[in-house]
Amino acid sequence: MIDLRLLRDDPEHVRAAYERRGGVPGLDSVIALDRRHRELLAEVERLRAEQNRASRAIGRAEPSERERRIREAREVADRLRALEPRLEEAARELEAAAARLPNLPHPSVPAGAGEDDNVVERHSGEPPDLDFEPRDHVALGERLGLLDAERGAKTSGSRFVYLTGRGVLLELALVRFAVDLLLERGFEPVVPPVLVREEAMYGTGFLPAEEHEYYRIERDDLYLTGTSEVALASMHAGEILDDALLPLRYAGFSTCFRREAGSYGRETKGLVRVHQFDKVEQFSFTRPEDSWDEFEAIRANQETILQALEIPYRVVIMCGGDLGSSAAKKVDLEAWLPGAGRYMEVTSASNTTDYQARRLQIRTRGEGGTRLVHTLNGTACAVGRTIVALLENHQRADGSVTIPPALRPYTGFGVIDVGE
RNA sequence: GGAGGGCUACGCUAACCGGCAAGCGGACGGUCUUGAAAACCGUUGCCCGCAAGGGCUUGUGGGUUCGAGUCCCACGCCCUCCGCCA
């Protein structure tokens, strides 16, 4: 949710910011709904004040006066009863319309309507110099017995994969590696719930905008989360956090579920685009003035991890139109895949400023009263895709794969080969 | 799944038969002080308003009433016990 006061006081500022997203429909209607709501609110509050006065007078009145005063108060109550439903409807309409307005992009975000306007900021690491025809991760993974997509499809449908054998050991190693690194940097490990109430989805901005992307358990009215961000952000919903405790940093580890509706035919094989994967996620609650520093810290952690894993990547700044609803700025890291011959998103970092905090009512108390905190999230290690990048970049001519030294203490092996 | 108990502001706790949610603590601001402590005063969540002021807030949503923390209904969460269970 954006700040309606800002929209009220400086609508052109908001409009200009939304231009960088390629324009946001419904802005004028929110302004009109807000005005109508406030007019009704003022009128209802005037009547309530009158009613409160009348009611209090009854309590103090002489017995002989009571009958007459009750009749008078009843008349005010009737007028209120007629007006209140209109106020409630106006509030509902305003709420529904305002909830669809996305966050305001940060000034450093490039303007643009979609993917094509994203900006590659820089590259890091050299693509491996392979003197043979590189295999893609599906060929490597199947040959080495790390995954079984065919049986995944048999059991659960396409885009479900069994991770097997050393594929599992690789996952456990990556998870522990990422969690250890975050522990050193002040993040508290958390395994959050993956089934959440609608309020949690709504509060984090995944609803109403992206409803079709997530699984819903209708019977119990819960959603399966597509990232631990949802449950981590909701952890402190409705709380006022002690200013001295900020920043609060969590390293969430959970399975993530995505319906991938509308992606039929894209990346149908392997681990790149699946309905279920595991991920270590960074999530921070900060003072408003600290969030851009925290954003850089989260990004730095992501780069540290990819560099340690010796995966070449590029840094991509998302343009306004590719931000999603809650982010004010989003930066992805895309790993180079020699086998596939292209780049693939492996991490994403967002500063959602006060957008989620306003919806979830997460505040901090400091000098000058309470303020909304800022929330940030960023991948530490999306296990499936990281395995893809590891396999393709560290493959050898014979189809075996070496493990980067930084990860060996966690895997216990340095090479993955057939029969080993 | 069944039975019982509970939920009041930042924390802890009151409020008779329905009549302005009281008190203690914490935190913050101020007075006093060489500095501090103590003491005293003020503030404490949300909304509208330039302000004066007003409205909302007792887990959530409804209902009864001129008026609900209090009465009625539904739901959520926590605790105890029974059943089931990795």
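In the text below, chain A, chain B and the rest are named by the order of the sequence lines, each starting its count at 1. Treat the numbers as computed from the prediction; the structure is a model and nothing was measured.
A search for side-chain contact (heavy atoms from CB on, under 4.5 Å) contacts involving A/Asn52 returns A/Arg56, not counting sequence neighbours. Applying the side-chain contact (heavy atoms from CB on, under 4.5 Å) rule to A/Glu39 yields the partners A/Arg35; only residues at least two apart in sequence or on another chain are considered. A/Glu334 meets the side-chain hydrogen bond (donor to acceptor under 3.5 Å, both in side chains) test with A/Arg314; sequence neighbours excluded. Under the salt bridge (charged side-chain N to carboxylate O under 4.0 Å, His left out) criterion, A/Asp278 pairs with no residue, sequence neighbours left out.
As the counterpart of B/rG1, B/rC82 is assigned, both hydrogen-bonding distances of the Watson-Crick or G-U wobble pattern falling under 3.5 Å. For B/rG26, the paired nucleotide is B/rU44, the pair qualifying as Watson-Crick or G-U wobble because both relevant distances are below 3.5 Å. Base pairing analysis places B/rU64 opposite nothing; no Watson-Crick or G-U wobble pair with both distances below 3.5 Å involves it. As the counterpart of B/rA39, B/rU31 is assigned, both hydrogen-bonding distances of the Watson-Crick or G-U wobble pattern falling under 3.5 Å.
Residue pairs meeting the salt bridge (charged side-chain N to carboxylate O under 4.0 Å, His left out) criterion with at least one member in residues 196-205 of chain A: none, sequence neighbours excluded. For residues 159-188 of chain A, the set of pairs meeting the ring pair (Phe, Tyr, Trp, His ring centres under 6.0 Å) definition, not counting sequence neighbours, comprises A/Phe160-A/His275, A/Phe177-A/Tyr410.
Between the CZ atom of A/Arg53 and the C1' atom of B/rG54 there is a distance of 9 Å, given to the nearest Å. Rounding to whole angstrom units, CG of residue A/Leu94 and P of B/rC47 are separated by 14 Å. As rounded to whole Å, 18 Å separates atom C1' of B/rU65 from atom CZ of A/Arg69. Going from atom CZ of A/Arg5 over to atom C1' of B/rC50 covers 13 Å, rounded to whole Å. Note: CZ (A/Arg358) to C1' (B/rG45) measures 16 Å, nearest angstrom. One can place CD of A/Glu95 at 13 Å from P of B/rC47, the figure rounded to the nearest angstrom. As rounded to whole Å, 14 Å separates atom P of B/rG62 from atom CZ of A/Arg81. Atom CZ in A/Arg48 sits roughly 11 Å away from atom C1' in B/rC47 (whole-Å rounding).
Against the 90° criterion about 0, the sugar-base torsion of B/rC24 places it in the anti range.
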Tabulate below the donor-acceptor pairs under 3.5 Å that side-chain atoms of residues 229-240 of chain A make, not counting sequence neighbours, or state none.
from, atom 1, to, atom 2, distance (Å)
A/Glu229, OE2, A/Gln356, NE2, 2.8
A/Glu229, OE2, A/Asn377, ND2, 3.3
A/Ser234, OG, A/Val230, O, 2.8
A/His236, ND1, A/Glu239, OE1, 2.8
A/His236, NE2, A/Tyr250, OH, 2.7

Without placing hydrogens or testing angles, list every side-chain donor-acceptor pair under 3.5 Å for residues 81-95 of chain A, not counting sequence neighbours.
from, atom 1, to, atom 2, distance (Å)
A/Glu84, OE2, A/Arg48, NE, 3.2
A/Glu84, OE2, A/Arg48, NH2, 2.9
A/Glu93, OE1, A/Arg36, NH2, 3.1
A/Glu95, OE2, A/Tyr202, OH, 2.8

Could you go through nucleotides 71-76 of chain B and list every protein N or O atom that sits under 3.5 Å from one of its N or O atoms, giving the distance for each pair?
from, atom 1, to, atom 2, distance (Å)
B/rG76, O3', A/Arg197, NH2, 2.8
B/rG76, O2', A/Arg197, NH2, 3.4

Under 3.5 Å, which protein N or O atoms sit close to an N or O of nucleotides 18-21 of chain B? Give each pair with its distance.
from, atom 1, to, atom 2, distance (Å)
B/rG19, O6, A/Arg66, NH2, 3.0
B/rG19, N2, A/Ser55, O, 2.7

Can you give me the N/O atom pairs linking the protein to nucleotides 8-11 of chain B at distances under 3.5 Å, or say none if there are none?
from, atom 1, to, atom 2, distance (Å)
B/rC10, O4', A/Arg365, NH2, 3.2

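Between the C1' atoms of B/rC16 and B/rC24, the separation comes to 22 Å (whole Å). Of the P atoms belonging to B/rU43 and B/rG35, the separation is 26 Å, rounded to the nearest Å.
For the pair A/Val401/A/His137, no side-chain contact is recorded, criterion being any heavy-atom separation below 4.5 Å from C-beta on.
Side-chain polar atoms of A/Lys279 and A/Ser254 form no donor-acceptor pair below 3.5 angstrom. Between A/Glu294 and A/Ser284, the side chains place a donor N or O and an acceptor N or O closer than 3.5 Å (distance only, hydrogens not considered).
Residue order along RNA chain B, read from the 5' end via each residue's closest nucleotide, puts A/Gln361 first among A/Gln361 and A/Asn52.
At a non-hydrogen distance threshold of 4.0 Å, A/Leu41, A/Glu45 from residues 40-47 of chain A come into contact with RNA chain B.
Phosphate contact (OP1/OP2 of B/rU44, side-chain N/O of A/Thr370, threshold under 4.0 Å): absent.
Nucleic acid contact for A/Gln51: sugar-phosphate only, since backbone atoms but no base atoms lie under 4.0 Å from a heavy atom of the residue.
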